[in-house]
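To start, the structure under review is shown below, and the notes come after it.
Every chain is numbered from 1 and lettered A, B, ... according to where its sequence line falls, protein lines coming before strand lines. Keep in mind that what you see is a predicted model, and the values were worked out from it rather than measured.
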Amino acid sequence: MVEYFYLITVLPLVGFLINGLFGAKIRNEKVSGIIGSLMVLGSFIITLLAYLNITSLPQESRSITIPLFNWITTGSLNISAAYLVDPLSVTMCLIITGVGFLIHVYAIGYMHGDRGFARFFAFLNLFIFAMLNLVLGDNMLLMFLGWEGVGLCSYLLIGFFYEKKFAGDAANKAFWVNRIGDFGFMLAMFFIFMNFGSLNFAAINAAIPGSLVPVSMFTIITLLLFVGATGKSAQIPLYVWLPDAMAGPTPVSALIHTPPMVTAGVYMISRTSPLFSMGPIKMEVVMIIGCLTAFMAATIAVAQNDIKKILAYSTVSQLGFMFMAMGAGAFSTGIFHVTTHAFFKALMFLGAGAVIHGMHDEQDVTKMGGLKSKMKITFLTFLMGGIAISGIPPFSGFFSKDEILSKLFFAGHYPVFAIAVLTAFMTAFYIWRLISLTFYGKPRYDEAHVQPHESPALMTVPLIILAVLSVVGGFIGMPHIIAPNFIEHWLEPVFAPALAILPEHHVVASTEYGLIAFSILVAVIAIIVSLKMFKSGDRLYAFSGGFYNLLKEKYRVDELYDKIIVSPLLWLSGIFYRILDVKIIDGAVNGTAKFFNSLSLDWRKIQTGIVQDYALFSVAGIIAILLYILLR
Amino acid sequence: MINSLDFANSIPLLIIGGAGLVVMLLETIFPKSQKGTSETLIFYFSLAAIVAAITFSFGDLTKNFIIYNKFIRVNTLTSVLNIVLLTGIFITVLSSKNYLQQEKINHGEYYSLLMFSLFGMMLMGQANDLIVVFVGLELMSICFYVLAGFMRRKVESNESAIKYFLLGAFLTGFLLLGIAFIYGYTGSTNYTAITDVHPQKDTFYLLGLTLVFIAFIFKTGSFPLQMWIPDVYQGAPTVVTGMMSSVGKTAAFGALISFFSIFALNNIPMVVAMVAILTMLYGNVVALVQSNIKRLLAYSSIAHAGYIMVGFLSINSFSIRAVLFYLVSYILMQSGAFIIISMVEEKTGDNTSKNTLESYKGLGKTNPMLSLLMTIFLFSLAGIPPFAGFWGKYYIFLSAIQVNYLWVAIIGILLSLVGVYYYIKVILYMWFYEPVGETTIAYRSDFSYTAAVISVIGLFAFGVYPDLILRYLRNII
């Protein structure tokens, strides 16, 4: 069985090739859509088999390497393309292919009638392929290939409506900002290869205990890795691309906002957790950046009116939670939150897509209202997602978020804990603002022209499945005091090396009960306040006054970056262009070209076309060689 | 004594030699009225013979024998060479059928000449005796002279043949002189016997080696014996040019590896370095101003001979692997490019082929598929990843660096940058210019397309995954 696991990635690649090469010839939405979806479903089934295969093994041997081929062999750098199938990668693959499949099905309905239907599915399949390579790669380079592939695909998909300028701009922004992170990743890879002589995860992990590499080197490597993570996972200061990324079609937003496109950073830190566990500082950096991002994004989300923007900032904020967990050494908790977040965020994005679809491309929540009765399934499923993200038990979000909070508390990071609780409050607040403005109250749109309608079954069925997952998904990670925590136990072998180095924290049962009660209370208050406030329209401005504008304009971070980074760069590039490029480089290039051209014109005269001349030239050459041999 | 084991270990040679004879007979057996039948039969028979020979060569990969009274060697190196040469001729045969028909030179002896020249090439690589090298080389060359002049009603083709013949015959004298010197010093022409003598650095022995080397400089078209290349390549029928410039050169280089893996070349590395550098310089520089595509690729083939020569700075297991890898990629991209050229050929009023760069203007708009294939071949020739040509250059220059010839590698890399200019120029013409007048394709042929696509697949597969080839080369020497 193991030898067929490579099909997990091959199937989406086949789908990409079919739709990419022949999509224009097929000219049939059904065929393209079904091929695209079936390929992902196929790899989901194989992943399930892989999961069953792994669980049948004893815990310590649950890590299978599937060698594919020797990829690069040069000097001391030997990289084989191989997949690592272990609990972590299987978990990620299950989410990617499972949620990915639902998004594919949804997209068949959503993209109906679009000119680029086959192209869209080709890109989606390629996206899945890249993601799977990212999580399955057994070395950093293959992971990086997936990492870059994911970046490329998100660029292609965000800019899918390339006729619209803002879509193109958003795609470029995503690409450039990601490049900054990628450089961090690359530098980290170079340092790792320099110090450990390998890019293979297993080899690196094996080399860490008792290695002679100085602690400062670990700090440099992990901070560079973290720079990479902030780029891909939209953390301060590189989060700015994600909210703009919703310029793409909604299924794409859903795919980008679920694993492991944006959670690639979280995954990468989990994979390299032994590196992060060596020495001080870096875990704290991860945690504090995560905390600040979570808080800042949540405050921005409160004041946004675009339904997809609210969800986008919400993702940034939730990613912050995941990084807090990573920083606190609660790796499996972070992955747990990745999982539950995948369910409810995909659900809400697709739900938002259904709303936009039904409202004829209206995205402003202040111009909606009262959709509850008109889009029943969408409303109910969205509600499930809302409850899940707010942290109401027994919905999935509650368990993962609560576990992060309790891990922070018991690790003694009280200030971070306090901010996290505040952020959790705001999360519930802005999500219920979104829900109230969209679904409750009276319609605020022009009812004569817009008749909201429920979406076709192709779109609602995935919503229902995701809603069910959002409700029950949390049971895989119950608090210890209530039930055994399945996911923590499952991921234990992966994180054992890192956890062996990090200090252990003891959980006090009574305090834990208190924390649970407290976080439920926070969520409930937020929901009640939010419902009261927004039932009859957006009354946020009246409450917050001038601060509201700052939030609405997202702290003007984009403008700040424009001023201090983009403009100076443009100015500098102008100077470089005029002096370095035009004068020095072009001069040198054109000079070289001129030199060789004149040389060429001269030398071609040797070629007279007369055989006698050729023979003479040959003899001269032969004599020269023989003389050299004789006289040496 | 020749025994049955000798036959069993030389099946590919026997198949190809026999196929040449059979093809010749087939052509005469059929009356003129059944030309179509005989042509088709010969075509498929040749292909089948080559495939069979390739299959048997794969079986010979692990052998290590000296057979036929110590005249012929069979080992990994020679079997790999045979596979490469056979594949090259396979592509040539595949792309020849419709070209020959279109040029009205579809005579059966074309295929038998190809087979005999192939027999000569394989003999050259497998030789364990200087006389066998000589016989193989001459067999190959004489077939080439005839093939170059195969369009016997055309002046350029005759010019090509006569120039090739005159200079080739001239250089044969040097080869014989070299063999005579070596014989004079060691008392034998047999490799095994010569190496038993443990020849010292005697002047006559060195002169002999150098003269043999000079003969190969000529056959590979390296400086200072490259003068014949442009004229011969321009005039010969295009598919023949593709074959001579790819398979022919590969055979010469293969024989050179096979020769110098036994006779240490280390005595004359400076000569090799100078030859390599001047060849790269001359080929790349003069190619810049060419306006005829066949001539352009002729000069480019000189440049490539220079790159390959870099691999001969020191013969060790790594450099042999590098050279063989280069030869594989070179055979694919060079013959592939010439297949496309043969299909694009524009005719003037009196039916001579123009082959100017002008006829490539706007080809991307009128014939996107052909242009795409051509672009890939040119990219690979320029050494741009992900095509095999990149790894070829990489391994060659790496092998030079490993034996402390960093400066040669640097010069080579800089000169290959000059080369990028003229390859990109053709690509530029194809994709970024408007078509001039009406570009018509000389002929359409599924066979030629197939041959080109096979080459592209090879270039891409070996470019992404070089280990596909390298794994066979691991236990050479």
Side-chain angles (χ1 to χ4, degrees), chain A residues 13 17 21 24-25 67-82 133 141-142 145 588-632, chain B residues 159 162-167 170-171 174 203 206-207 209-211 213-215 217-218 222-231 234 267-268 270-271 274-275 278 281-282 284-290 295 298-299 391 394-395 398 401-402 414-415 417-418 421-422 464-468 470-471:
Chain A
L13 184 66
L17 290 176
L21 292 176
K25 282 207 179 124
L68 302 177
F69 51 84
N70 278 333
W71 188 15
I72 297 169
T73 315
T74 163
S76 58
L77 179 67
N78 284 302
I79 292 176
S80 59
N133 269 313
L141 200 64
L142 194 56
L145 188 80
V589 168
N590 292 336
T592 318
K594 256 187 211 145
F595 169 72
F596 276 111
N597 249 322
S598 63
L599 208 61
S600 186
L601 285 169
D602 287 343
W603 285 8
R604 74 184 297 191
K605 287 175 195 147
I606 302 172
Q607 207 81 31
T608 54
I610 301 167
V611 184
Q612 292 91 316
D613 291 355
Y614 293 180
L616 195 66
F617 190 91
S618 305
V619 170
I622 292 170
I623 289 175
I625 294 177
L626 291 179
L627 274 183
Y628 172 80
I629 296 288
L630 286 175
L631 299 179
R632 191 168 50 113
Chain B
E159 178 195 337
I162 195 76
K163 278 183 177 168
Y164 195 7
F165 171 68
L166 285 175
L167 290 169
F170 180 51
L171 260 296
F174 289 92
T203 311
L206 269 187
L207 270 185
L209 281 187
T210 314
L211 283 167
F213 181 55
I214 283 171
I217 292 182
F218 175 77
S222 307
F223 195 89
L225 305 177
Q226 84 299 352
M227 304 297 282
W228 58 281
I229 294 242
D231 290 5
Q234 190 181 354
N267 302 320
I268 50 171
M270 215 42 208
V271 173
M274 289 322 289
V275 166
L278 288 172
L281 184 67
Y282 186 84
N284 278 320
V285 166
V286 185
L288 289 176
V289 291
Q290 298 304 321
R295 233 179 147 74
Y299 282 107
W391 289 108
Y394 172 80
Y395 286 124
L398 188 62
I401 294 170
Q402 282 188 350
L414 288 177
L415 286 173
L417 283 181
V418 176
Y421 171 79
Y422 53 81
V464 174
Y465 185 15
D467 199 59
L468 272 180
L470 293 176
R471 69 167 66 168

Review point. Does the side chain of Leu225(B) reach to within under 4.5 Å of the side chain of Phe617(A), using non-hydrogen atoms?
Key: no
Study note, to complete from the structure: Whatever's closer than 4.5 Å to a heavy atom in chain A on Leu288(B) counts as both
Practice item. Could you tell me which portion of Tyr614(A) (side chain, backbone, both or neither) has an atom closer than 4.5 angstrom to a non-hydrogen atom of chain B? Key: both
Check your understanding: Between Leu468(B) and Tyr465(B), is any pair of side-chain heavy atoms under 4.5 Å apart?
Key -> yes
Exercise for review: For residues Ile625(A) and Pro224(B), determine if any side-chain heavy atom of one lies less than 4.5 Å from a side-chain heavy atom of the other.
Suggested key: yes
Point to revise | Sub-4.5 Å side-chain heavy-atom contact between Asp231(B) and Arg295(B) | key: yes
Check your understanding: What part of Ile162(B) is in contact with chain A, defined as an atom under 4.5 angstrom from a non-hydrogen atom: side chain, backbone, both or neither?
Key -> neither
Revision key, fill the gap. Most heavy-atom pairs under 4.5 Å with chain A, out of Ile217(B), Leu171(B), Leu166(B), Thr210(B), belong to Thr210(B)
Check your understanding: Checking heavy atoms, do the side chain of Tyr282(B), its backbone, both or neither come under 4.5 Å from chain A?
Key -> both
**Study point:** Side chain proximity check, Leu145(A) to Leu141(A), heavy atoms < 4.5 angstrom
**Key:** no
Review point. Taking the inter-plane angle between the rings of Tyr164(B) and Trp228(B) on a 0 to 90° scale, is it parallel (under 30°), tilted (30 to 60°) or perpendicular (over 60°)?
Key: parallel
Review point. Which atoms form the tightest heavy-atom contact between Val275(B) and Phe223(B), and what is the distance?
Key: CG1-O, 3.4 Å
**Study point:** Partner chain B: residue of Ile606(A), Thr592(A), Asp613(A) with the largest heavy-atom pair count (under 4.5 Å)
**Key:** Ile606(A)
Practice item. Side chain from CB out, backbone as N, CA, C, O: work out which of these in Leu417(B) comes under 4.5 Å of a heavy atom of chain A, or both, or neither. Key: neither
Check your understanding: Given that the side chain runs from C-beta out, which part of Val289(B) has a heavy atom under 4.5 Å from chain A: side chain, backbone, both or neither?
Key -> both
Review point. Which bit of Leu470(B) comes within less than 4.5 Å of chain A, counting heavy atoms only: side chain, backbone, both or neither?
Key: neither
Check your understanding: Under a 4.5 Å heavy-atom cutoff, which of Val286(B), Val464(B), Val285(B) has the most pairs with chain A?
Key -> Val285(B)
Practice item. Measure Leu630(A) against the heavy atoms of chain B and call it side chain, backbone, both or neither at under 4.5 Å. Key: side chain
Review point. Just by distance, with hydrogens left out, do Asn284(B) and Tyr422(B) show a side-chain donor and acceptor under 3.5 Å apart?
Key: yes
